[in-house]
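Some notes on the structure that comes next.
Just so it is clear, the structure is predicted and the values come from calculations on it, not from any experiment. Each chain gets a letter, A, B and so on, in the order its sequence line appears, and its residues count up from 1.
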Amino acid sequence: MTRISQAALPRRFYARRADEVARELLGCVLLRRYRRSLLAGRIVETEAYVGEEDQACHARSGRTKRNAVMYGPPGHAYVYFIYGMYDMLNVVCQPAGKPEAVLLRALEPLDGVETMRRLRGVAGHPKRLADGPGKLCRALAVTRRQNGIDLLGEQLWIASGALAASESVQRSARIGVDYAGVDAARLLRFFIGGNEHVSRLPASRRRRPQR
DNA sequence: CTTGAGATGCCCT
DNA sequence: GGGCATCTCAAGA
């Protein structure tokens, strides 16, 4: 069992710009109550989606049935289904009416690793268990059933955490939003530099490891 | 190690 | 009906 505090971050943490929240979520711990077990992972990669003006954001065409939760109060889960197969977990930011959110893209598994493996249907190293937004949802049994739930509640919440002195925040363009024109280039993806649990980019986008 | 294709369902133009 | 904030597997080198 993890020894860090499991207290949920307060509502005001989320009631800010999504890019600030995305950066500060790095190192925090996502907790999931699932059938009597507690699953936990350290957040190592996020992306900010920053409102109707952001051409990569689901709110770019205004409020719809799918994105309605983003327009609601902060500190709630926005979970949507994509590619016919995967769910994506976001946390809603900003006060109600301002549709911003942070996509949780990768975790370093801390607790409940065996359950995560079972949910994912894979064996092997924990660094492959939740190193991508679709895998993260599978590993924590998060689906559209959780869309709209309060992150200050009982089944899914985030506790504070910190970066080690040796860790640094890195930024890049967001993944998979090439259609978004100039917004595709904005540096709204945040990750812990060098962390092994960060998602692997498609080879076509990968750069040579810097030395 | 790499690349490419296929899976698969729902929202919204 | 297009396209999507993805992933896995198989095959090649």
field: Salt-bridge contact A/Glu47-A/Arg174 (side-chain N to carboxylate O under 4.0 Å)
entry: no
task: Name all stems that contain residues of DNA chain B, defined as runs of 3 or more consecutive Watson-Crick or G-U wobble pairs, both distances under 3.5 Å.
output: B:1-7 with C:6-12, B:9-12 with C:1-4
field: Earlier contact from the 5' end, DNA chain C, for A/Val122 and A/Tyr179
entry: A/Tyr179
message: I want to verify a distance call: between C/dT6, B/dT2, C/dT8, whose nearest atom is closest to the A/Arg200 side chain?
response: B/dT2
Separation of C/dA5 C1' from A/Leu89 CG (nearest whole Å): 12 Å
- prompt: Thinking salt bridges, do A/Arg16 and A/Glu24 make one under a 4.0 Å N-O criterion?
  reply: yes
field: Below 4.0 Å: OP1/OP2 of C/dT6 and any side-chain N or O of A/Arg105
entry: yes
- prompt: According to a strict under-4.0 Å criterion, is A/Ser61 in side-chain N/O contact with OP1 or OP2 of B/dC12?
  reply: no
message: Regarding A/Arg23 and A/Asp19, does a basic nitrogen lie under 4.0 Å from an acidic carboxylate oxygen?
response: no
query: To the nearest Å, how far apart are A/Asp87 CG and B/dC10 P?
result: 11 Å
statement: Quick note, A/Arg66 side chain, CB onward, closest among C/dT6, B/dC12, C/dC4 is B/dC12
message: Under 4.0 Å, counting only non-hydrogen atoms across every strand here, what does A/Arg60 touch: a base, just sugar-phosphate, or nothing?
response: nothing
field: Selection: residues 70-84 of chain A, any non-hydrogen atom under 4.0 Å of DNA chain B
entry: A/Phe81, A/Tyr83, A/Gly84
query: Are A/Arg144 and A/Asp87 ion-paired here, with the side-chain N under 4.0 Å from a carboxylate O?
result: yes
query: Taking the side chain of A/Thr64 as its heavy atoms from C-beta onward, which of C/dA5, C/dT6, B/dC11 lies nearest to it?
result: B/dC11
message: Contact list please: residues 127-144 of chain A against DNA chain B, heavy atoms, distance less than 4.0 Å, in numerical order.
response: A/Arg144
- line: Here the distance between atom P of C/dT6 and atom CG of A/Leu104, to the nearest Å, is 14 Å
query: Hey, is CZ on A/Arg171 packed in by over 12 heavy atoms from elsewhere, all under 6.0 Å?
result: yes
- prompt: Is it true that A/Glu45 and A/Arg189 make a salt bridge, defined as a side-chain N closer than 4.0 Å to a carboxylate O?
  reply: yes
message: Between A/Glu52 and A/Tyr71, is there a side-chain donor-acceptor contact under 3.5 Å, judged purely by atom types and distance?
response: yes
query: What's the shortest heavy-atom distance between A/Leu140 and A/Leu39, and which atoms?
result: CA-CD1, 3.9 Å
task: State yes or no: are the ring centers of A/Tyr49 and A/His58 separated by less than 6.0 Å?
output: no
statement: To the nearest angstrom, the CE-P distance between A/Met88 and C/dT6 comes to 6 Å
task: Let me know the distance between CG of A/Asp178 and P of C/dT6, rounded to the nearest Å.
output: 10 Å
message: Give me the atom names and distance for the closest heavy-atom approach of A/Met88 to A/Gly134.
response: CE-N, 3.7 Å
- request: Whole angstrom is fine here: how far is it from CZ in A/Arg63 over to P in B/dC12?
  value: 12 Å
message: Using a heavy-atom cut-off of 4.0 Å across all strands, would you classify A/Met85 as base, sugar-phosphate, or nothing?
response: base
Joint hydrophobic cluster, A/Trp157 plus A/Leu110, side-chain heavy atoms closer than 4.5 Å: yes
Integer-rounded Å distance: B/dC10 P and A/Asn67 CG: 18 Å
task: Grab the two heavy atoms, one from A/Leu119 and one from A/Tyr34, that are nearest each other, plus how far apart they are.
output: CD2-OH, 3.7 Å
query: Quick one: A/Leu201 CG to C/dA5 P, roughly how many Å, whole number?
result: 17 Å
